[in-house]
Amino acid sequence: MDFSLLNKEQIEAVKYMNHPLLVIAGAGSGKTRVLTYKIAYLIENGVNPYEILAITFTNKAANEMLNRVDKILNHNNRVMISTFHKFCGKVLRKYSELLGYEHNFTIYDTNDQKKLMRDILKDLDLDNKKIKEKSILSTISHCKNNNISISEFEDSAENEIDILKVKCFKEYEERKFKLNAMDFDDMILLTVKLLKNNLNVRQELSEHFKYILVDEYQDTNVVQFELIKLLCEKYDNLTVVGDDDQSIYKFRGADIKNILSFEKNFKNAKIIKLTQNYRSTNNILKAANEIINNNTNRKGKNLWSKNGDGEKVVFTEYETDSDEAYNIINHIKNNQDYKNTAILYRTNFQSRILEDKCVTNGIPYILIGSLKFYDRKEIKDMLSYLRFVVNGNDFLSFERAIKFPKRGIGDTTIEKIKNYSLNNNIPICDIIKAPDVLGIKGKTATSLMSFYELIEKIKTIDTVEDMIDKILTLTSYQDELLNDYDEMDVKDKLSNINELKNRAIIFRETYENSGNLIDGSNLGGIEFLSDFLYDVSLVADTDEIDENVDKISLMTIHSAKGLEYKNVYISGLNENIFPSHQSINEDDIEEERRLCYVAITRAKENLFLSSARSRFVNGKYDYYRVSRFVDEINGDCIVKNKLPDIKKVNTFEKKSFDTDFLDIKKINFQNPYRTGNQIVKEKELEYKIGDRVSHIKFGDGKVLDIKEMEKDYEVTIKFDDYEKEKIMFAAFAKLKKI
DNA sequence: GCAAGCCCAGATAGT
DNA sequence: CTGGGCTTGC
């Protein structure tokens, strides 16, 4: 085997065998190369590919890795390379009965979880303003990721809210089980449970996978750690690759201790550090190193490269978020290097303004992670039908499918069916087959039964694409769409459905000759459909990136992990944006800093950082300081263009500009920097209470009240065409007396 | 009583 | 633009 492309440490990592190995691989240090060479090396030395399990973070990484192994060895290899969830999905599918699940269980994503929980809150009569489904779900997720059982959580419950959460938690688990469904966290947890409780399965799997490799180890949680531990029980031949400085998934349960305590967790462990970076210039690495050196909770390393110093990093502070976006886009336009350029930001809502400027400047762009393919209405509709075909217990899918197209079945009927199913443990599909058990008669009954017939018809079809076609024709789906959307949108939606069909076809092609299956499950219609649906459930946004189009990429930093671009712009480097206002405490700030480190190390040659003094967030303008992370980069690797001190430039509202005002987290007042939109309080309004006025958008109305405020007047108007009265600021509303 | 239509709020990160 | 809640209309 040719090792000429590897450095000394990489070769050592590739060849090290028979004991646990942790490779600490800095950003751009060639960790994928190590993993792929290691797999290839194992195979070349007589290991059966079938005995190797490699676990990655995304499907994209998995596919890439498999391709690269094949390339090194010049032939196709049936190595099992998959994500944690995909791997667990396969194991669970084989052994679902041991856990009391039916074979064709459904995987619930975050939206499904929310819907189920909302339903529960309603049924338990809990005021969903007092306790939000999101907060319960995040508690549940936290428990599951850390292997905390419901009863343990119950014992630790401290307040009224916790007690309510326990109640919802129990109900959630019970219902989910009855619906024959599991959420993402269950997949890992149940696999661990299966291995712990079932010696035979544990032996079989740990015997099967003699070599286990785990990518992105810093992102594993407690339960995933347990899973790895159980899987390598027999052979103890584990290689994990990760970077403690790139651990950015704490919110999802990732536990940085897994990587920091590797030697404690695995006896005879060896550690190899990769610090030579092959991606970026030294100026970029210097900026990255300076920032991450402020963290204390890390193993410690410094990246270096032979790529030369390159261009300096540039930081620019703008007055408004609009200026910031405009200048970034303009800069990109001048350089005309679209496909090698990415703009990164902390949170998704920041993409909006960048998108706007792309559109107005004619810059082609792709937005990653905005509207996910599988989150589109038409795709969710189709998948609901298919999911219900596979799992006749799946109430959520049933509900969605039966509601669109409209069939004269409403909430009351659906509620009846749900309750009957839950109370008597009868699958939804059996109830709608003969709805008279519920006393449902007449038109409603006929409608339910014909829906049942529809599902039964689809079950007899062989391929997923034909199933989808049948659903479309039998439900007159296109015509129904035309009632709600205009022709262009419908065309779009139909082509998305076509794309779904294509994915099914592609999935079948790769299905047959991949190392996908632990055993050879058959390719029959429903079996295959079920596998296809699992695959679909576990697709990530970044799996969808196409590198070959000449467009700039817009994405969150989380999405950018593992990617690299020649030119990188990081926007919104403001306190309370990045670092996020939720994470400014001691504990979370290190994670934000790691996120910043990840962002910076995406850049190969040119790195531009920016911030804006005034940003439009949550429907109002607020002031934001420059992010502490900018201050942490010093020396000659960076050029900083800051705006002059705010006291000197401002002439608008003097008394608000005390130096300490910037320390206030959020100040709600109008943005003085907006050109052409300045807020000037009139001495006197041209209208008074009782006058008729006209508004450009809302039409004519009557003034009910005027309140004089410090900076403006608050006017209450009842417009003729609107039910409710509106309260507006006079300077914005620009009302004309009529 | 029940389904369909209308209006409004919304938002860390993502398998 | 979407899903949820509220209101209207059959």
Side-chain angles (χ1 to χ4, degrees), chain A residues 55-62 82-89 107-111 113-115 118-119 121-122 128-129 133-134 138 141 144-145 183-188 216 219-221 224 247-254 344-352 368-372 374-377 380 400 402-416 440 442-444 447 483-485 489 534-543 555-561 572 576-583 588 591-592 594-595 598-599 616-619 722-724 726:
Chain A
I55 299 177
T56 60
F57 191 64
T58 62
N59 287 305
K60 191 181 181 223
S82 78
T83 62
F84 269 107
H85 290 88
K86 212 169 175 176
F87 171 74
C88 291
I107 299 170
Y108 276 176
D109 67 14
T110 317
N111 287 322
Q113 289 180 281
K114 277 190 202 154
K115 221 170 189 176
R118 262 198 303 269
D119 235 35
L121 287 174
K122 222 185 246 170
N128 63 353
K129 271 165 197 112
E133 78 265 18
K134 238 179 124 179
S138 89
S141 182
K144 289 184 180 177
N145 287 328
D183 61 31
F184 288 138
D185 299 327
D186 289 334
M187 297 181 77
I188 319 281
E216 309 278 16
D219 290 327
T220 52
N221 62 36
Q224 286 163 336
S247 171
I248 56 172
Y249 282 101
K250 188 178 171 191
F251 72 93
R252 215 169 56 193
L344 311 180
Y345 35 82
R346 176 64 178 85
T347 60
N348 265 316
F349 76 82
Q350 294 170 261
S351 69
R352 186 81 163 270
I368 290 145
S370 55
L371 184 53
K372 287 183 254 172
Y374 291 105
D375 273 349
R376 290 163 204 265
K377 173 197 156 48
K380 281 170 93 173
R400 182 171 185 116
I402 204 152
K403 273 187 166 172
F404 191 93
K406 303 240 144 61
R407 296 181 169 77
I409 305 291
D411 292 342
T412 318
T413 308
I414 291 173
E415 194 71 8
K416 270 188 207 161
I440 296 173
K443 252 185 8 204
T444 313
S447 183
N483 291 335
D484 295 351
Y485 303 90
D489 290 342
Y534 293 150
D535 199 66
V536 160
S537 306
L538 302 173
V539 167
D541 306 334
T542 35
D543 294 342
M555 69 187 97
T556 63
I557 299 165
H558 283 90
S559 298
K561 178 137 181 246
N576 293 323
I577 300 285
F578 188 20
S580 157
H581 66 101
Q582 314 232 18
S583 310
D588 291 334
E591 174 117 342
E592 295 284 317
R594 290 193 289 270
L595 199 52
V598 168
F616 191 71
V617 179
N618 282 331
Y722 292 84
E723 192 66 32
K724 279 190 187 156
K726 290 186 187 299

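In what follows, every chain begins at residue 1, and chains take the letters A, B, ... in the order their sequences are listed.
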Mapping A:I414 and A:Q582 onto DNA chain B by nearest heavy atom, which one lands closer to the 5' end?
A:I414
Contact class for A:K134 (heavy atom, under 4.0 Å): base, sugar-phosphate, or nothing?
sugar-phosphate
Name the nucleic acid region contacted by A:K122, choosing base, sugar-phosphate or nothing; use a 4.0 angstrom heavy-atom cut-off, strictly under.
sugar-phosphate
Which nucleotide in B:dG14, C:dT2, B:dC2 has an atom nearest any side-chain atom of A:S559:
B:dG14
Closest to side chain of A:T83, choosing from B:dT15, B:dA3, C:dG3:
B:dT15
Rounded distance (nearest 0.5 Å) linking atom CG of A:N145 with atom OH of A:Y249
14.0 Å
Salt bridge check: are A:D219 and A:R252 linked by an N-O gap of less than 4.0 Å?
no
Is the phosphate of B:dG14, meaning OP1 or OP2, less than 4.0 Å from a side-chain N or O of A:N348?
yes
Could you check, using the six-membered ring where one of them is a Trp, whether A:Y534 and A:H85 have ring centers closer than 6.0 angstrom?
no
Any A:T556 side-chain N or O less than 4.0 Å from OP1/OP2 of B:dT12
no
Does A:D411 or A:R376 map to a spot on DNA chain C nearer the 5' end, using the closest nucleotide for each?
A:R376
Closest approach to the side chain of A:K416, judged atom by atom: which nucleotide of B:dT15, B:dC2, C:dG3 is it?
B:dC2
A:T413 side chain, from C-beta outward: closest of B:dA13, B:dG14, B:dA3
B:dA3
For A:S537 and B:dT15, is the shortest distance between a side-chain N/O and OP1 or OP2 below 4.0 Å?
no
N-O pairing of A:D411 and A:K403 below 4.0 Å:
yes
Given B:dA13, C:dC1, C:dG3, identify the nucleotide with an atom nearest to the side chain of A:D489.
C:dC1
What is the nucleic acid contact for A:K406, judged by heavy atoms within less than 4.0 Å: base, sugar-phosphate only, or nothing?
sugar-phosphate
Nearest to the side chain of A:F349, heavy atoms from C-beta on, is which of B:dA11, B:dT15, C:dG3?
B:dA11
With a non-hydrogen cut-off below 4.0 angstrom, is A:D109 in contact with a base, only sugar-phosphate, or nothing?
nothing
Mark yes or no for whether A:Y374, through its side chain, and A:K380, through its backbone, hold a donor-acceptor pair below 3.5 Å.
no
Protein-nucleotide distance (A:K60, atom NZ; B:dT15, atom P), rounded to Å
13 Å
Length of the line joining A:K115:NZ and C:dT2:P, which is rounded to integer Å:
13 Å
What is the distance, to the nearest angstrom, from the CZ atom on A:F578 to the P atom on B:dT12?
16 Å
Given atom CG of A:D484 and atom P of B:dG5, what is their separation to the nearest angstrom?
8 Å
Integer-rounded Å distance: C:dC1 P and A:N111 CG
18 Å
For the residue pair A:Q350 / A:T347, report whether a side-chain donor-acceptor contact shorter than 3.5 Å exists.
yes
Counting the atoms with a prime plus P, OP1 and OP2 as sugar-phosphate, which does A:T110 contact under 4.0 Å by heavy atoms, base, sugar-phosphate, or nothing?
base
Return the value, rounded to whole Å, for the distance between atom CD of A:Q113 and atom P of B:dG14.
16 Å
Relative to the 5' end of DNA chain B, which residue comes earlier, A:E592 or A:T444, by the nucleotide with the nearest heavy atom?
A:T444
May I ask whether A:F251 stacks on the base of B:dA13, given the cut-offs of 5.5 Å between ring centres and 30° between planes?
yes
Please confirm whether the shortest side-chain N or O distance from A:S580 to OP1 or OP2 of B:dA13 is below 4.0 Å.
no
Can you find a donor-acceptor pair, distance only, under 3.5 Å between A:R252 side chain and B:dT15 base?
no
